[in-house]
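Nothing here was measured: the structure is a model prediction, and the numbers come from that model. Hydrogens, waters and symmetry mates are skipped; everything else that's a heavy atom, side chains included, is used.
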Amino acid sequence: VQLQASGGGSVQSGGSLGLSCVASGNIFSIGAMAWYRQAPGKQRELVASVANGGRTTYADSVKGRFTISRDNAKNTVYLQMNSLEPEDTAVYYCNAKRIGPDAWGQGTQVTVSS
């Protein structure tokens, strides 16, 4: 499974950005998909996940501001980020759970200025 992420960029505090991640390869092995992020000097953390059936989970820090969704027909997972804060600045990675090792995208930078 290969994951190709796009989106991200720079925005001022309070702004919005959207991320997309397209899966290719052995997509039938994919279960839940998720977005993680890693800020400088910090560990990678789970931001949000969405199961095959659509059930979602969110980190407390992004609840009410971020929305994860997936389009199985397009093999794509999305992350809509609203009301962004400087603390959301990080490299964002898409992730796919599968039989065997997780698949990871290449990471995309999100920078929020105050």
Side-chain angles (χ1 to χ4, degrees):
V1 173
Q2 293 80 44
L3 301 177
Q4 180 68 47
S6 61
S10 297
V11 67
Q12 288 191 326
S13 182
S16 298
L17 286 172
L19 305 179
S20 301
C21 178
V22 180
S24 60
N26 188 14
I27 59 172
F28 299 104
S29 68
I30 295 175
M33 297 189 76
W35 288 95
Y36 286 73
R37 67 186 180 187
Q38 187 167 19
K42 295 187 177 181
Q43 289 189 329
R44 191 173 296 190
E45 64 174 355
L46 175 65
V47 175
S49 66
V50 56
N52 254 330
R55 181 177 181 179
T56 58
T57 60
Y58 295 92
D60 287 343
S61 60
V62 306
K63 282 181 180 176
R65 300 187 298 122
F66 290 12
T67 302
I68 190 170
S69 61
R70 68 190 288 174
D71 184 336
N72 289 331
K74 296 182 178 179
N75 306 317
T76 302
V77 62
Y78 305 94
L79 185 68
Q80 179 61 39
M81 304 180 290
N82 298 328
S83 301
L84 283 161
E85 304 167 352
E87 293 73 23
D88 296 316
T89 295
V91 177
Y92 284 70
Y93 299 90
C94 61
N95 166 277
K97 304 296 183 185
R98 52 192 291 270
I99 298 174
D102 285 7
W104 292 91
Q106 80 280 17
T108 184
Q109 177 70 44
V110 171
T111 302
V112 184
S113 57
S114 57

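The closest donor-acceptor contact from the side chain of T76 to the backbone of V22 lies at 3.5 Å or more, if one exists at all. A donor-acceptor contact shorter than 3.5 Å links the side chain of T108 to the backbone of G7. The closest donor-acceptor contact from the side chain of R98 to the backbone of S29 lies at 3.5 Å or more, if one exists at all.
The CZ atom of R37 sits 9.0 Å away from atom OG1 of T89, with the distance rounded to the nearest 0.5 Å. With values rounded to the nearest 0.5 angstrom, M33 atom CE is found 8.0 Å from N75 atom CG. Distance check: C21 SG to Q106 CD gives 7.5 Å after rounding to the nearest 0.5 Å. Note that the OG atom of S20 and the CD atom of Q4 stand 11.0 Å from one another [nearest 0.5 Å]. Atom CG of D102 is separated from atom CD1 of I30 by 11.0 Å, given to the nearest 0.5 angstrom. Here the CD atom belonging to Q2 is positioned 11.0 Å from the CD1 atom belonging to I27, to the nearest 0.5 angstrom.
The shortest non-hydrogen separation linking V50 to R70 is O-NH1, 3.2 Å. A pairwise comparison of heavy atoms in A96 and L3 identifies N-CD1, 3.8 Å as the closest pair. Nearest heavy-atom pair, A34 versus L46, reported as atom, atom and distance to 0.1 Å: CB-CD1, 3.8 Å. Between L79 and A48, the shortest heavy-atom distance links the atoms CD1-CB, 4.3 Å. In terms of heavy atoms, V110 sits closest to G8 at CG2-CA, 4.0 Å. Between P86 and S13, the closest heavy-atom pair is CD-OG, 3.8 Å.
Every residue two or more places apart in sequence or in another chain was checked for a salt bridge (charged side-chain N to carboxylate O under 4.0 Å, His left out) with D71, and none qualifies. Under the side chain to side chain contact (heavy atoms under 4.5 Å, CB included) criterion, S16 pairs with Q80, N82, sequence neighbours left out. With sequence neighbours left out, K63 forms a salt bridge (charged side-chain N to carboxylate O under 4.0 Å, His left out) with D60. Take Q38 and apply the side chain to side chain contact (heavy atoms under 4.5 Å, CB included) test, not counting sequence neighbours, and it matches R44, Y93. Looking at residues two or more places apart in sequence or on another chain, you find a side chain to side chain contact (heavy atoms under 4.5 Å, CB included) between A59 and S61, V62.
Listed by first and then second residue, the ring pair (Phe, Tyr, Trp, His ring centres under 6.0 Å) pairs involving residues 8-60 are Y36-W104 (not counting sequence neighbours).
Both V1 and L19 are members of a single hydrophobic cluster when ILVMFWY side chains are connected at heavy-atom separations under 4.5 Å. Note on Y78: it does not cluster hydrophobically with F66, by side-chain heavy-atom contacts below 4.5 Å among ILVMFWY residues.
Using a 3.5 Å distance cut-off with no hydrogens or angles, the side chains of S49 and T57 do pair a donor with an acceptor.
The number of heavy-atom neighbours closer than 6.0 Å to CD of Q109, taken from other residues, nucleotides and ligands shown, is above 12.
By the 4.5 Å heavy-atom criterion applied to side chains, D88 and R65 are counted as neighbours.
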